[in-house]
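Quick note: numbers below take in every heavy atom, side chains included, and nothing from hydrogens, waters or symmetry partners. Letters go in sequence order (proteins before strands), and every chain restarts at 1.
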Amino acid sequence: MRVEGDMVKDGVKIAAGLLAHYDVHARRLPWRALPGANATGAYRVWLSEVMLQQTTVAAVGPYFAKFTARWPSVESLAAADDADLMAAWAGLGYYARARNLLACARAVVRDHGGHFPDTEEGLRALPGVGAYTAAAVAAIAFGRRAVVVDANVERVVARLFAIDTPLPAARPAIRAAADAITPDARAGDFAQAMMDLGATICTSRNPACGICPLRDDCAAVRTADPAAYPVKAAKKTRPHRNGHGWWIERAGGHVWLVRRPDKGLLGGMRALPSSDWSADPDAAPPFAADWRTLADPVAHVFTHFSLALTVHTTHVEQDHAPSGAGEWWPVERIADAGLPTLFARAAQAVLKEKDADARH
DNA sequence: GAGACGTGGCC
DNA sequence: TGGCCAAGTCT
């Protein structure tokens, strides 16, 4: 381990080298200000940061375009209808982010006059804004010096200093090292430069060390396997679960949709009525009827379990409504219902089967 | 601190 | 093909 003075001196060199590289190679992303332009607003920075949590740039692109076109300001977003916003988020995943997004926009309008707080501490108090996002917005939108640590930065820093303590135990050491190389000026550009480096060169697999601007300062590149950093604790195997979903269609071409509870999996989203996720192979349907079962269950993988959803269909009379809260949704507009991917796939499977039947 | 929480792409 | 991974947060 080097003494702290050397580390700080190296930090200045590392930051300067990375920023010089960034000035030439920065990715052009919709939520970034163009080079030479005024800073993009805090609203767009915050919106992009929330969308990018655990989500790839490619996946975020169309959602960011859709949201900023429909809700161009934090005031307009705060005034959005809850169901509309959840439907617009459908497919992007981690739906607690959408509920917190709305709560955050409303807090900014109600408590801060429509202006985002410009400090990490102020930002950190907002719903859905954790340590990473608070630091990123403070640095990128407000030019504050903040130590921005995401998975990219963890990987880059772990390699730069060959930190071999496994994650998550290595977090304090990684954060201290990130702090040591974060410059006082251009902290926002530095953060984005670190994330660009992690996304394009210092990648998880097959890092492109040969073209890395930090190669000369990197401890890992002098080891047999730079990609071995950061070291991670072994993960548990993912359990499998079985569940049932029910497609209830009314004469006239409407299907019964429910809204899932705010807490828990797919919280707050429109959905088909369904069992819990550990149901008996022959779980009871919501009511007695002539149920038909699709031959192939819908296979879906969540973060912490995989699911086989068996889908059952039936038809009911015009005046019949299932018990409990729900709404009849036009089948031909099912794509606009804002179903999360699991249920969108279930609907697809039902409609495909109907289509096949109609051909016979 | 560890588990819950989505989805799609990659090898 | 199944596991890993992606600009994390909340409890």
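Checking B:dC5, C:dA7, B:dT7 against the side-chain heavy atoms of A:Leu342 singles out B:dT7 as nearest. Across C:dC10, C:dA6, C:dA7, the shortest atom-to-atom separation from the side chain of A:Met195 is found for C:dA7. Counting only heavy atoms from C-beta on, A:Asn152 has its side chain closest to C:dA6 among C:dA6, C:dT9, B:dC5. Distances from the side chain of A:Arg238 to the nucleotides C:dA7, C:dG3, B:dG6 place C:dG3 closest. Distances from the side chain of A:Glu49 to the nucleotides B:dA4, C:dA7, B:dT7 place C:dA7 closest.
Ion pairing between A:Asp189 and A:Arg32 fails under the 4.0 Å rule for side-chain N and carboxylate O. Under a 4.0 Å N-O distance rule, the pair A:Asp23/A:Arg186 qualifies as a salt bridge. Taking 4.0 Å as the cut-off between side-chain N and carboxylate O, A:Arg259 and A:Glu327 do not count as a salt-bridged pair.
Among the atoms of the strands shown, base atoms are found under 4.0 Å from some heavy atom of A:Val301. In this structure, A:Ala58 reaches neither bases nor backbone, as no heavy-atom distance under 4.0 Å exists between it and the strands shown. Contact annotation for A:Gly91: backbone-only contact, meaning every heavy-atom pair under 4.0 Å involves sugar-phosphate atoms and none involves a base. Using a 4.0 Å heavy-atom criterion, one finds that A:Ser204 contacts the sugar-phosphate atoms exclusively. Note on A:Leu101: nothing from the nucleic acid sits closer than 4.0 angstrom, heavy atoms only. The residue A:Ala151 sits close only to the backbone: its heavy atoms come under 4.0 Å of sugar-phosphate atoms, none of a base. Residue A:Arg345 is in sugar-phosphate contact alone, with no base atom involved, counting any heavy-atom pair closer than 4.0 Å across all strands shown.
Within the 4.0 Å cut-off from OP1 or OP2 of B:dG3, not a single side-chain nitrogen or oxygen of A:His304 is found. Contact annotation: A:Thr341 reaches the phosphate of B:dG8 (side-chain N/O to OP1 or OP2, under 4.0 Å). Contact check, A:Arg155 against C:dC5: no side-chain N or O comes under 4.0 Å of OP1 or OP2. The phosphate of B:dT7 has OP1 or OP2 within less than 4.0 Å of a side-chain N or O from A:His300. Between A:Tyr94 and B:dA4 there is no side-chain polar atom (N or O) within less than 4.0 angstrom of OP1 or OP2. Contact check, A:Arg124 against C:dC10: a side-chain N or O comes under 4.0 Å of OP1 or OP2. For A:Thr133 and C:dT9, the shortest distance from a side-chain N or O to OP1 or OP2 is below 4.0 Å.
Residues A:Ala199 and A:Arg205 both approach DNA chain C. Their nearest nucleotides, taken by heavy-atom distance, put A:Arg205 toward the 5′ side. For the pair A:Pro168 and A:Leu92, nearest-nucleotide mapping onto DNA chain B gives the more 5' position to A:Pro168. Comparing A:Gly93 and A:Lys236 by the nucleotide of DNA chain B that holds the closest heavy atom to each, the one mapping nearer the 5' end is A:Lys236.
Atom NZ in A:Lys263 sits roughly 13 Å away from atom P in B:dG6 (whole-Å rounding). Between the C1' atom of B:dG6 and the CE atom of A:Met86 lies a distance of 12 Å, rounded to the nearest Å. Atoms CD1 (A:Ile174) and P (C:dG8) sit 14 Å apart, rounded to a whole Å. The CD atom of A:Gln53 sits 12 Å away from the P atom of C:dA7 (whole-angstrom rounding). The nearest whole Å value for the distance from the NE2 atom in A:His240 to the P atom in C:dT1 is 16 Å. Atom CZ of A:Phe305 is separated from atom C1' of C:dG3 by 17 Å (rounded to the nearest Å). Rounded to whole angstrom, the span from the CG atom of A:Leu52 across to the P atom of B:dG8 amounts to 17 Å. A:Lys232 has its NZ atom 4 Å from the P atom of C:dC5, to the nearest Å.
The side-chain heavy atoms of A:Val148 and A:Phe190, taken from C-beta on, include no pair separated by under 4.5 Å. Counting heavy atoms from C-beta on, the side chains of A:Trp246 and A:Pro322 never come closer than 4.5 Å.
Below the 3.5 angstrom threshold, one finds a donor paired with an acceptor across the side chain of A:Arg27 and the base of C:dA7. Side chain A:Ser306 to base C:dG2: no donor-acceptor pair is found below 3.5 Å. Side-chain atoms of A:Thr303 and base atoms of B:dG6 include a donor and an acceptor less than 3.5 Å apart.
Taking the six-membered ring where tryptophan is involved, the planes of A:Phe64 and A:Trp31 are perpendicular, since the angle between them exceeds 60° and thus also 30°. Under the 30°/60° scheme for interplanar angles, the aromatic rings of A:Trp291 and A:His312 are found to stand perpendicular.
When the C1' atom is compared between C:dT1 and B:dG8, the two are found 15 Å apart, to the nearest whole Å. Separation of the C1' atoms belonging to C:dA7 and B:dA2 is 22 Å when rounded to the nearest angstrom. Distance check on atom P: B:dG3 versus C:dC4 gives 15 Å, rounded to whole Å.
At least one donor-acceptor pair closer than 3.5 Å links the side chain of A:Arg44 to the backbone N or O of A:Pro30.
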